[in-house]
Colleague: 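To start, I am sharing the structure in question, which I have written as structure tokens.
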Protein chains: 2
Amino acid sequence: MRISEAASASGLNVDTIRFYEAKGLVPKVTRSSDGQRRFSQENVDWLTLLYWLRASGMPMKIMQRFAELYAQGDGTIAERKAILLDHAQRLERRRDDLDRCEDILNRKLEIYEEYLK
Amino acid sequence: MRISEAASASGLNVDTIRFYEAKGLVPKVTRSSDGQRRFSQENVDWLTLLYWLRASGMPMKIMQRFAELYAQGDGTIAERKAILLDHAQRLERRRDDLDRCEDILNRKLEIYEEYLK
DNA sequence: TACCGGCCTGGAGTTGCTCCAGGTCAAGAG
DNA sequence: CTCTTGACCTGGAGCAACTCCAGGCCGGTA
């Protein structure tokens with residue numbers, strides 16, 4: 001698969017994929033004879049995972065560590081699991097923030113409503 | 001109230017408050033005779049609102065517009081309401097992303113679990 | 001054979017902070 | 001009354017995480 005296809009399959013854009021690769025976040029990408037990147041299904045699955053980790057606010061440093069472990073193979077699964085469990089807590093906090101913000105928004109909207117009546 | 005107090009009351013940090021003020025996001029702040037900022041309760045409430053809007057991902061350009069309307073007074077409440085309703089939709093999308101990411105995380109964790117058994 | 005689209009790299013630009021240097025001023029310690 | 005400390009000021013540099021762009025290569029088509 002070429003980079004544009006990997007982009008639409010994973011949700012990341014072409015530049016972001018190149019950027020991530022340069023930062024070591026995308027192991028195991030091969031090149032065709034003329035130097036173009038070729039993405040396997042495994043690569044695309046990995047990119048898709050990165051897409052969702054980023055969408056939920058995982059910092060790049062942690063993604064980097066996660067990618068490093070992934071590149072090292074199955075022996076690192078325990079540590080990778082720990083990283084994802086940690087991230088799950090980040091999600092919790094994000095959800096709380098969203099709830100909190102929704103409350104504040106609704107209160108504000110009520111006040112506006114009252115004013116506009 | 002001085003800036004450090006406004007910071008701990010609103011959740012924003014001191015530098016962010018100054019930065020927001022410079023960008024026109026914080027109307028109605030006065031200065032003491034020696035040039036230091038003095039924040040009223042209204043200022044602090046406004047900063048707290050900004051804190052939550054930012055925490056839930058409102059882009060600065062929209063915050064700027066929102067602040068501009070706020071500075072213009074009550075005649076702009078209808079438009080301000082529209083901005084917040086719009087933002088509520090952004091929250092929805094964020095929540096969906098979080099749900100989606102949680103799914104993916106859980107599936108991944110199950111796979112790791114299986115592997116580690 | 002001339003062009004076109006998709007890829008490449010290296011580097012500049014953007015957003016939204018965050019930190020720092022260098023300076024002012026008020027208030028308390030000695 | 002001077003000295004020091006701490007909180008504040010401004011302007012500007014630094015940073016994270018992209019995003020875009022210039023300039024160049026290559027394979028396929030008219």
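Naming: A, B, ... by sequence-line order, numbering from 1 per chain. Not measured: the values here are computed from a predicted model.
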Colleague: Could you list, one pair per line, each protein nitrogen or oxygen that sits under 3.5 Å from a nitrogen or oxygen of nucleotides 10-13 of chain D, together with the distance?
Modeller:
{"unit_1": "D/dT10", "atom_1": "OP1", "unit_2": "B/Arg31", "atom_2": "NH1", "d": "3.3"}
{"unit_1": "D/dT10", "atom_1": "OP1", "unit_2": "B/Arg31", "atom_2": "NH2", "d": "3.2"}
{"unit_1": "D/dT10", "atom_1": "OP2", "unit_2": "B/Arg37", "atom_2": "NH1", "d": "3.3"}
{"unit_1": "D/dT10", "atom_1": "OP2", "unit_2": "B/Arg37", "atom_2": "NH2", "d": "2.8"}

Colleague: Tell me the interatomic distance from B/Tyr51, atom OH, to C/dG16, atom P, rounded to whole angstroms.
Modeller: 17 Å

Colleague: C/dC19 C1' sits how many Å from B/Leu12 CG, rounded?
Modeller: 17 Å

Colleague: Find out whether the Lys NZ or Arg CZ of A/Lys117 is both under 6.0 angstrom from the six-membered ring centre of A/Tyr112 and within 45° of the ring's axis.
Modeller: no

Colleague: Is B/Thr16 near enough to C/dG16 that one of its side-chain N or O atoms lies under 4.0 angstrom from OP1 or OP2?
Modeller: no

Colleague: For the CG atom of A/Asn13 and the CZ atom of A/Arg18, what is their distance to the nearest 0.5 Å?
Modeller: 9.0 Å

Colleague: Does any part of the side chain of A/Arg90, heavy atoms only, come nearer than 4.5 Å to the side chain of A/Leu53, both counted from C-beta?
Modeller: no

Colleague: Just verifying a value: how many Å separate A/Ser56 OG and A/Arg94 CZ, rounded to the nearest 0.5 Å?
Modeller: 7.0 Å

Colleague: I need the single residue from B/Glu79, B/Gln72, B/Arg80 that forms a side-chain hydrogen bond (donor to acceptor under 3.5 Å, both in side chains) with B/Thr76. Which is it?
Modeller: B/Arg80

Colleague: Roughly, in whole Å, what's the span from CD in A/Glu5 to C1' in C/dG6?
Modeller: 11 Å

Colleague: Write down the distance between NZ (B/Lys61) and C1' (C/dT15), rounded to a whole number of angstrom.
Modeller: 9 Å

Colleague: Taking only residues two or more places apart in sequence or in another chain, which ones pass ring pair (Phe, Tyr, Trp, His ring centres under 6.0 Å) with A/Phe66?
Modeller: A/Trp46

Colleague: Looking at B/Asn13, does any N or O in its side chain come under 4.0 Å of the phosphate oxygens OP1/OP2 on C/dT18?
Modeller: yes

Colleague: Do the side chains of A/Ile111 and B/Leu69 join up, straight or via other hydrophobic residues, at under 4.5 Å, putting them in one cluster?
Modeller: no

Colleague: Between A/Ile62 and A/His87, is there a side-chain heavy-atom distance shorter than 4.5 Å?
Modeller: no

Colleague: May I have the distance from B/Phe39 (atom CZ) to D/dC8 (atom P), rounded to whole angstrom?
Modeller: 10 Å

Colleague: Tabulate atom names and distances for all N/O pairs under 3.5 angstrom spanning the protein and nucleotides 22-26 of chain D.
Modeller:
none

Colleague: Taking the cut-offs as 6.0 angstrom to the six-membered ring centre and 45 degrees off its axis, would you call B/Lys28 and B/Tyr70 a cation-pi pair?
Modeller: yes

Colleague: Select from B/Met63 and B/Ser33 the residue whose nearest nucleotide in DNA chain C is closer to the 5' end of that strand.
Modeller: B/Met63

Colleague: According to a strict under-4.0 Å criterion, is A/Tyr20 in side-chain N/O contact with OP1 or OP2 of D/dC18?
Modeller: yes

Colleague: Expressed in angstrom and rounded to an integer, what is the separation of B/Ile3 atom CD1 from D/dA7 atom P?
Modeller: 13 Å

Colleague: Measure CG/B/Leu53 against P/C/dC17 and give the value in whole Å, please.
Modeller: 11 Å

Colleague: Over how many whole Å does the gap from A/Met60 atom CE to D/dC18 atom P extend?
Modeller: 7 Å

